Amino acid sequence: MGDLRRRMLAEAGPTAALAAEARQLAESANAAGDEATEFEAIHLLLTLLAWQGAVEAAAPALARLAALNAQHPGVFAHGAEFARLAGDRRGTAALCEDGWRLAEAAPLAEGRGLLLGCWAWACEDPEKFEWCVETGNALDVADALTDLDIVAFHGHVADAALDLEDWDLAIEQGEVVAKAFPREAVPPLAEFLRKRTLALYYAGMGELDRELGQLLRDLVDEAERNGWTAWLPALDAALALAPET
């Protein structure tokens, strides 16, 4: 299981193959009656499905995760993630609020970064948004987030900041998602998110020249090649406005 988790971030490559591996691990653990391993495998599977934007395909895995441990913060974090991908701000916020109550009682549980990132995207209250950002940043600085939570939190906050046209915060979070890792071990997905945030920042500022158009095309190609399709819509929208190279 640790090897699959490592490869999810250490290597660029089609997420579909990794998702198939995670699903097989979950099925094998289920057959062996190993619920802890099954839970972990489904957690990784749902993360990969989220990267693919596969909302409908996630439903059976979400249901099984809840059946294994309905009170785990990660169950709510994944539910919030797929509600976010479906564009449901109210549903996302509600799941994050319920999940955070559980996360406060289980500070070592994975999913806190994902919860806070989804909550920042969903909340309409500026004070709550600021709280999400400050809390997630503090957890990261304290080394209290897993690698997957770091990527999810900073990536989602950067997207939320872009939506709000809070350009400084967007750039800050886009840089942090890569700088949170040692320079020689920055995950390809984290570097992709950094470049994507920067490209969307310049697009939002109206600087859609041919150079930026080529960067957007390169990012679209990278996302399609690796199965990171959840991050394609904003790139496609910006690319539609860019001049031909």
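Quick caveat: nothing in here was measured; it's all calculated off a predicted structure.
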**Message:** If you count heavy atoms of other groups shown closer than 6.0 angstrom to CZ of Phe181, is the number above 12?
**Reply:** yes
**Arg196 side chain to Trp231 backbone, donor-acceptor under 3.5 Å** = yes
**Asked** Thinking salt bridges, do Glu191 and Arg194 make one under a 4.0 Å N-O criterion?
**Response** yes
**Complete:** Between Ala230 and Leu85, the two heavy atoms sitting closest are CB-CD2, 4.0 Å
**Request:** Scan side-chain atoms only and decide if Thr146 and Glu110 contain a donor-acceptor pair under the 3.5 Å cut-off.
**Result:** yes
**Test: Arg23 and Glu27 ion pair at under 4.0 Å** = no
**Request:** To the nearest 0.5 angstrom, please state how far the CG atom of Leu235 sits from the CG atom of Asp221.
**Result:** 10.5 Å
**Request:** Specify whether Trp167 and Tyr201 have parallel, tilted or perpendicular ring planes, treating 30° as the upper limit for parallel and 60° as the lower limit for perpendicular.
**Result:** perpendicular
**Request:** With sequence neighbours excluded, tell me which residues meet side-chain contact (heavy atoms from CB on, under 4.5 Å) with Ala158.
**Result:** Gln173, Thr197
**Prompt:** Between Glu81 and Arg84, is a salt bridge (Lys or Arg N to Asp or Glu O under 4.0 Å) present by the stated rule, with each step listed?
**Reply:** CA-CA 5 Å; Glu81 174 74 321; Arg84 183 189 70 84; 2.8 Å; yes
**Item:** Heavy-atom pair of closest approach, residues Ala80 and Cys96
**Value:** CB-SG, 3.6 Å
**Message:** Just by distance, no angles: are the side chains of His154 and Glu175 close enough, under 3.5 Å, to form a donor-acceptor pair?
**Reply:** no
**Shortest non-hydrogen contact between Phe192 and Leu219, atoms and distance** = CE1-O, 3.4 Å
**Complete:** Here the gap from Trp121 atom CH2 to Arg89 atom CZ, rounded to the nearest 0.5 Å, amounts to 4.5 Å
**Message:** Does the plane of the ring in Trp100 sit parallel, tilted or perpendicular to the ring in Trp131? Use 30° and 60° as the thresholds.
**Reply:** perpendicular
**Request:** Ignoring hydrogens and angles, tell me if any N or O in the side chain of Arg217 forms a donor-acceptor pair with the backbone of Leu239 under 3.5 Å.
**Result:** no
**Same apolar cluster: Ile171 and Met205, side chain cutoff 4.5 Å** = yes
